[in-house]
Amino acid sequence: QVQLVESGGGSVQAGGSLRLSCAASRYTFGIGSYCMGWFRQAPGKEREGVAAIDRAGSTVYTDSVKGRFTISRNVAKNSLYLQMNSLKPEDTAMYYCAALYMCRAVAPADVVFWGNRGQGTQVTVSS
C-alpha cells in the first residue's frame, strides 16, 4: 500500500486559485507505476472524481473542472498536484488524492474506487 498525504487546501474567494499537493511514500515502486487522481466530497453529497493521470502521463477531467483545473505529477519527487484556478463556491469540498497500481486506463469517475487514498485536504470557496 502506498501512503498518500495531501496538502495545500484552504479558504479562498470565488475566482481565486489553490494548488493541492499529494506526497507519496512507502511504495514498492515509484508513482510512475501508478495511475493517480483526485476526488472530492462535499457535505451531504457523493464522492466525485475530479481528475486523473495515467502511467503514460495522459490526463482526464470531469466536465465541471475542465479548463480550470490541471493535474500534474513529478515522478522524481513522487508527488501529484492539482492546480485549481477560477474557483467557484461549488468546488468547496474535501479533496482526496488516490492511486491505483499498474492501471491500464482511467476515467475521472474511477478515482473514487481506488483503495490507496489520503486523508484529504479541505477546500472552501466563498462567494
Side-chain angles (χ1 to χ4, degrees):
Q1 291 278 357
V2 60
Q3 183 176 34
L4 303 171
V5 179
E6 303 93 339
S7 61
S11 297
V12 296
Q13 290 189 330
S17 298
L18 284 173
R19 187 188 192 218
L20 305 185
S21 298
C22 173
S25 61
R26 298 185 182 176
Y27 42 81
T28 301
F29 304 98
I31 65 169
S33 297
Y34 293 82
C35 292
M36 299 193 75
W38 295 90
F39 69 92
R40 63 188 179 186
Q41 188 166 24
K45 295 188 177 181
E46 294 186 353
R47 294 173 179 171
E48 177 189 27
V50 175
I53 184 167
D54 68 13
R55 291 185 291 145
S58 296
T59 59
V60 290
Y61 301 90
T62 194
D63 287 346
S64 63
V65 308
K66 285 181 180 176
R68 300 189 298 122
F69 291 10
T70 302
I71 187 172
S72 63
R73 65 181 182 180
N74 185 321
V75 175
K77 293 184 177 181
N78 286 297
S79 294
L80 179 73
Y81 307 99
L82 186 67
Q83 178 67 44
M84 305 186 296
N85 299 328
S86 302
L87 282 161
K88 303 176 180 180
E90 51 262 45
D91 294 318
T92 296
M94 186 73 80
Y95 283 71
Y96 299 86
C97 170
L100 182 64
Y101 180 63
M102 294 298 285
C103 74
R104 295 186 180 273
V106 295
D110 296 341
V111 181
V112 304
F113 300 110
W114 296 351
N116 295 299
R117 59 185 62 170
Q119 294 301 307
T121 185
Q122 177 68 38
V123 172
T124 303
V125 185
S126 59
S127 58

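Numbers here simply count residues along the sequence, with the first being 1.
Within the structure, salt bridge (charged side-chain N to carboxylate O under 4.0 Å, His left out) contacts touching residues 68-84 (residues at least two apart or in different chains) are R68-D91.
Atom CD of residue Q119 and atom CD of residue Q3 lie 9.0 Å apart, to the nearest 0.5 angstrom. Interatomic distance, R19 CZ to S17 OG, rounded to the nearest 0.5 Å: 12.0 Å. Atom-to-atom distance recorded for M94:CE and T124:OG1 is 8.5 Å, nearest 0.5 angstrom. Separating the CD atom in E6 from the SG atom in C22 is a distance of 5.5 Å, to the nearest 0.5 Å.
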Residue pair S64, E48: steps toward the side-chain contact (heavy atoms from CB on, under 4.5 Å) verdict: CA-CA 11 Å; S64 63; E48 177 189 27; 3.8 Å; yes

side-chain contact (heavy atoms from CB on, under 4.5 Å), that's the test. Do W38 and V65 meet it? Break it down for me. CA-CA 12 Å; W38 295 90; V65 308; over 6 Å; no

For a side-chain contact (heavy atoms from CB on, under 4.5 Å) check, start with the C-alpha distance between L80 and L4, then their side-chain angles and the critical distance, and finish with the verdict. CA-CA 10 Å; L80 179 73; L4 303 171; over 6 Å; no

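Considering every non-hydrogen atom in both Y81 and S79, the closest pair reads OH-CB, 3.3 Å. Between V123 and G9, the closest heavy-atom pair is CG2-CA, 4.2 Å.
Not a single donor-acceptor pair under 3.5 Å links the side chain of Q83 to the backbone N or O of T70.
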Name each donor-acceptor pair under 3.5 Å that joins a side chain in residues 54-61 to protein atoms two or more places apart or in another chain, with its distance.
{"residue": "D54", "atom": "OD1", "partner": "A56", "partner atom": "N", "Å": "3.0"}
{"residue": "D54", "atom": "OD1", "partner": "G57", "partner atom": "N", "Å": "2.9"}
{"residue": "D54", "atom": "OD1", "partner": "S58", "partner atom": "N", "Å": "2.8"}
{"residue": "R55", "atom": "NE", "partner": "C103", "partner atom": "O", "Å": "2.9"}
{"residue": "R55", "atom": "NH2", "partner": "C103", "partner atom": "O", "Å": "3.2"}
{"residue": "Y61", "atom": "OH", "partner": "I71", "partner atom": "N", "Å": "2.9"}

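Taking the six-membered ring where the residue is Trp, F39 and Y96 present parallel rings, their angle staying beneath 30° rather than reaching 60°.
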